[in-house]
2 protein chains.
Amino acid sequence: MPSTFRAEVFPARTPAASQIFTTVLSHGPLTRADAARRAGLSAAAVTKAVRPLIEAGYLVEDADVETRPVLGRPANLVRVDGGRALFIGIKITGGEIFGVLTDLCCRVRVARDVPLTARAPKAVLASVAELVRELLTEADGFGVPVLGCGIAVAGEVDRAEGVVRYSPFLDWRDVPLAELAAMTTGLPVTVDNDVRALTVAEQWFGAGVGLSDFAVVTVGAGIGCGLVVHGRVVAGVHGVAGEIGHVVVDPAGPPCHCGRRGCLQAFAGDAEIVARVREVTGTSVTDSAEAVAVAHAGHPGAREVYARAGEAIGRGIATVANLLGPERVIISGEGLAAYDLFAEQIREAFTAGAFGSATRCELLTRPLPFEEWARGAAATAIRSFIRADQ
Amino acid sequence: MPSTFRAEVFPARTPAASQIFTTVLSHGPLTRADAARRAGLSAAAVTKAVRPLIEAGYLVEDADVETRPVLGRPANLVRVDGGRALFIGIKITGGEIFGVLTDLCCRVRVARDVPLTARAPKAVLASVAELVRELLTEADGFGVPVLGCGIAVAGEVDRAEGVVRYSPFLDWRDVPLAELAAMTTGLPVTVDNDVRALTVAEQWFGAGVGLSDFAVVTVGAGIGCGLVVHGRVVAGVHGVAGEIGHVVVDPAGPPCHCGRRGCLQAFAGDAEIVARVREVTGTSVTDSAEAVAVAHAGHPGAREVYARAGEAIGRGIATVANLLGPERVIISGEGLAAYDLFAEQIREAFTAGAFGSATRCELLTRPLPFEEWARGAAATAIRSFIRADQ
DNA sequence: TTCTTTCATTGACAGGGGAAAATAAGCGAC
DNA sequence: GTCGCTTATTTTCCCCTGTCAATGAAAGAA
């Protein structure tokens with residue numbers, strides 16, 4: 001084995017080729033003619049861009065399957081060959097590390113997780129390395145290379161530098177995670193904020209496909225928000241954006257652990273909801289599931305807690321819609337488990353708070369499994385690999 | 001005179017040329033080498049792009065003025081020849097129409113305004129046509145052509161179509177203003193939302209020069225917000241964006257004419273402030289100037305009204321900063337006349353509400369004269385002319 | 001069978017922008 | 001004063017990308 005080696009590199013270096021690849025990636029099997037129309041390019045350009053991608057194995061032609069237009073010659077479908085390569089996605093949370101092995105189409109092939117107890121960078125890194133090792137072992141069975149690893153972390157992340165600027169969960173500051181993880185795993189590593197990673201996955205493979213402006217709002221332990229404006233995920237100049245959780249929804253609201261009062265988080269954060277349900281019911285519920293159960297059982301106080309949470313979320317979404325005029329807002333996160341308890345309030349508060357045409361923004365709920373976050377991390381790795389710098 | 005004529009067309013059709021022109025436009029006289037560095041292009045590309053622009057007269061070389069680098073050959077400065085062409089900018093408000101005649105550098109050469117009484121599209125259009133005619137007469141004296149007219153209107157505007165979708169002030173719906181005004185004035189007309197127009201002016205000539213992410217917040221009759229994300233002005237998919245005025249700041253706040261309670265507008269809108277000052281002081285102030293005077297005279301109730309307005313504005317800015325992570329927020333509008341009455345509260349509320357690195361966003365006040373809005377409209381006309389589709 | 005329609009490919013070609021070399025123009029060392 | 005160093009600008013190729021127009025393919029319709 002050579003002491004230095006050249007990492008596999010994606011052949012589509014031109015704008016057109018990269019654009020066509022992502023178009024095919026997002027819009028499934030496409031005829032070349034369709035791809036040209038969608039990407040606004042000539043058919044000739046598609047033919048030329050597709051050829052090296054097929055030669056390199058990233059795209060394949062389904063010779064057997066044909067689509068017949070109403071009239072004219074049948075078309076050949078081109079699609080991304082998911083089996084061509086693998087990627088690893090890692091999502092670090094306070095208590096666990098989730099990992100997935102995905103193919104080039106970002107379909108999850110293997111999912112694994114390990115508990116996380118310590119929070120020092122060194123300890124976390126060791127757990128990540130362990131998890132990656134496991135996933136790499138699994139990958140051996142597929143006989144194709146793992147081309148990258150994406151890591152998603154809550155907090156402020158400088159994606160370009162691969163540095164975690166600040167993670168409240170882990171209590172990290174300026175940890176050069178990409179570099180460290182690349183050294184221990186031997187893979188090209190990208191690091192990004194967790195909600196933004198999830199947003200990339202939605203943009204390419206989920207409910208954001210084809211939209212230039214949309215938002216993802218996640219409800220769970222924290223309230224997060226990923227924004228896509230002009231087709232690009234917003235990261236902010238300092239690596240912070242989409243901080244909807246600490247937007248003050250009601251200055252007279254409950255105190256938040258951040259020191260303010262009435263943050264969205266204080267109304268709709270997981271722990272906060274549980275605490276308030278415990279308070280108003282006098283029970284001793286300790287987690288979300290129990291709190292939801294109490295509300296489902298019909299306790300009016302508990303229901304009210306959820307109603308107020310929904311109201312706050314809807315108001316937050318209205319703010320996003322008013323400011324950015326997105327086409328759609330995708331609501332997701334573990335908090336959706338209680339969705340029936342506040343769905344109506346979200347919609348009402350949104351409609352009441354959205355101004356003018358912002359009301360035309362579509363609200364959509366997507367109950368995404370938790371591994372979806374790790375999948376988002378893999379999506380960022382794929383993005384780096386195919387150099388879709390957006 | 002021919003029955004049809006060809007409108008003057010800007011020669012820089014390539015991305016590089018357009019980029020270099022806007023770079024020179026924004027960053028004043030520049031050496032070719034500097035322009036290349038700023039635009040991330042080769043020096044050769046600049047030379048090639050600049051030549052036709054100089055030939056067409058849009059750029060000029062200041063042969064006399066030279067900059068000497070510490071070492072090496074002196075450089076020649078290139079700048080936009082403002083006197084090469086004129087543009088008209090029109091800002092329509094409820095009671096007046098403001099118009100400016102600017103040069104290619106968007107410097108105001110003539111400012112005019114006419115009162116506006118009727119609000120029907122036809123009547124407004126007649127006033128606009130009258131104002132444009134006056135400005136065109138003024139333009140004759142300069143001996144250079146007027147190449148376009150930009151019109152700025154508050155409300156929802158479809159810039160691409162040139163249609164005012166909804167203007168609450170004028171009570172317009174789906175008025176194809178660009179087409180109508182183009183017919184009556186004989187000029188190429190662009191129509192845009194007023195705050196977005198102002199934002200373009202700031203982006204190219206004001207405090208937004210060189211920034212990829214910033215916001216403009218205007219305080220006055222209404223509270224507006226223009227957003228620049230990834231170097232582009234955000235317009236939203238339905239032509240609505242930056243609607244910060246009706247973001248609910250405090251659900252227990254005063255009622256707003258929009259039907260909600262505690263909108264930013266209800267705290268900090270001009271009319272609302274005047275009404276509340278009247279209320280708390282028992283005086284009969286009727287306009288901003290009087291209200292400010294009362295507060296300046298030291299009336300504690302009046303001061304409190306301004307303090308609360310500042311708090312609300314600061315909270316709104318914090319929300320923008322949390323969501324988008326801009327580098328700077330430019331505060332402007334007639335409301336700045338009372339700035340000393342709420343400057344502190346704005347900053348305090350912003351600092352209290354901004355999360356993490358969002359606090360690093362810089363707040364800047366820019367007392368812009370009212371004609372600045374019309375200048376913004378002219379800037380949109382220039383943008384159309386030079387085809388900087390952003 | 002022939003025409004029409006749509007898909008795909010090819011080859012010629014234009015133009016944009018880069019690299020490298022050439023030219024220009026100062027400054028300081030000698 | 002000349003030489004060499006440095007930076008600015010221009011020139012001269014030249015690659016490369018993407019479009020155009022022409023061609024071929026493969027249906028269904030007349």
Side-chain angles (χ1 to χ4, degrees), chain A residues 9-24 27-55 59-79 387-389, chain B residues 9-24 27-56 59-79 386-389:
Chain A
V9 69
F10 193 64
R13 311 305 292 262
T14 75
S18 163
Q19 195 188 354
I20 287 168
F21 185 82
T22 50
T23 302
V24 175
H27 295 90
L30 275 184
T31 69
R32 288 174 175 78
D34 270 344
R37 278 186 290 262
R38 276 192 193 276
L41 292 163
S42 69
V46 175
T47 295
K48 278 185 256 194
V50 162
R51 203 194 323 271
L53 288 168
I54 287 185
E55 272 165 19
L59 294 180
V60 287
E61 206 157 351
D62 286 326
D64 41 341
V65 189
E66 280 189 348
T67 48
R68 341 223 118 180
V70 187
L71 209 59
R73 167 180 168 175
N76 304 65
L77 289 175
V78 173
R79 63 177 171 81
R387 262 146 244 267
D389 297 334
Chain B
V9 68
F10 193 63
R13 312 305 292 261
T14 74
S18 163
Q19 194 187 354
I20 286 168
F21 185 82
T22 49
T23 302
V24 174
H27 295 90
L30 274 184
T31 70
R32 287 175 176 77
D34 270 344
R37 279 187 288 264
R38 276 193 194 275
L41 293 163
S42 70
V46 176
T47 295
K48 278 185 269 194
V50 162
R51 202 191 328 267
L53 288 168
I54 287 185
E55 272 164 18
L59 294 180
V60 287
E61 205 157 351
D62 287 325
D64 42 341
V65 188
E66 279 189 350
T67 47
R68 339 224 118 181
V70 188
L71 210 59
R73 166 182 169 174
N76 305 65
L77 289 175
V78 173
R79 62 176 172 80
I386 66 178
R387 260 144 245 267
D389 296 334

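Order of the sequence lines fixes the chain letters, A, B, ..., with proteins taken first and strands second; residue numbering starts at 1 for each chain.
Straight-line distance from the CG atom of A:Leu30 to the P atom of C:dA8: 10 Å, rounded to whole Å. When the P atom of C:dG17 is taken as reference, atom CZ of B:Arg32 falls 17 Å away, rounded to whole Å. When the P atom of D:dT19 is taken as reference, atom CD of A:Gln19 falls 10 Å away, rounded to whole Å. Note: CG (B:Leu71) to C1' (D:dA8) measures 12 Å, nearest angstrom. Separating the CG atom of B:Leu77 from the C1' atom of C:dA25 is a distance of 15 Å, rounded to the nearest angstrom. Whole-Å rounding puts the B:Arg38 CZ to D:dA8 P distance at 14 Å. In this structure, CD of A:Glu55 is placed 14 Å from C1' of C:dT9, rounded to the nearest angstrom. Put simply, CZ on B:Arg37 is 10 Å from P on D:dT7, counting in whole angstrom units.
Contact annotation for B:Ala16: backbone-only contact, meaning every heavy-atom pair under 4.0 Å involves sugar-phosphate atoms and none involves a base. Residue contacts for B:Ala33: at a heavy-atom cut-off of 4.0 Å it reaches the sugar-phosphate backbone alone, with no base atom in range. B:Ala44 comes within 4.0 angstrom of a base, heavy atoms only.
Contact record, A:Pro52 with A:Pro11: O-CG, 4.4 Å, taken as the closest heavy-atom pair. Closest of all the heavy-atom pairs between A:Arg79 and A:Val24 is CA-CG1, 3.7 Å. Across all their heavy atoms, B:Ile20 and B:Ala45 have their closest contact at CD1-O, 4.3 Å.
Under 4.0 angstrom from either OP1 or OP2 of C:dT9 there lies no side-chain N or O belonging to A:Arg73. Between A:Thr14 and the phosphate of D:dG18, there is a side-chain N or O to OP1/OP2 separation shorter than 4.0 Å. Between B:Asn76 and the phosphate of D:dA8, there is no side-chain N or O to OP1/OP2 separation shorter than 4.0 Å. Contact annotation: A:Arg51 side-chain N/O to C:dT9 OP1/OP2 distance is not under 4.0 Å. For the pair B:Thr47 and D:dT10, the criterion of a side-chain N or O lying under 4.0 Å from OP1 or OP2 is met.
Between the side chain of A:Lys48 and the base of D:dT19, a donor-acceptor pair under 3.5 Å is found.
Between the A:Thr23 side chain and the A:Gln19 main chain, a donor and an acceptor come within less than 3.5 Å of each other.
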Point to revise | side chain to side chain contact (heavy atoms under 4.5 Å, CB included) assessment of A:Leu77 paired with A:Glu61 | key: CA-CA 6 Å; A:Leu77 289 175; A:Glu61 206 157 351; over 6 Å; no
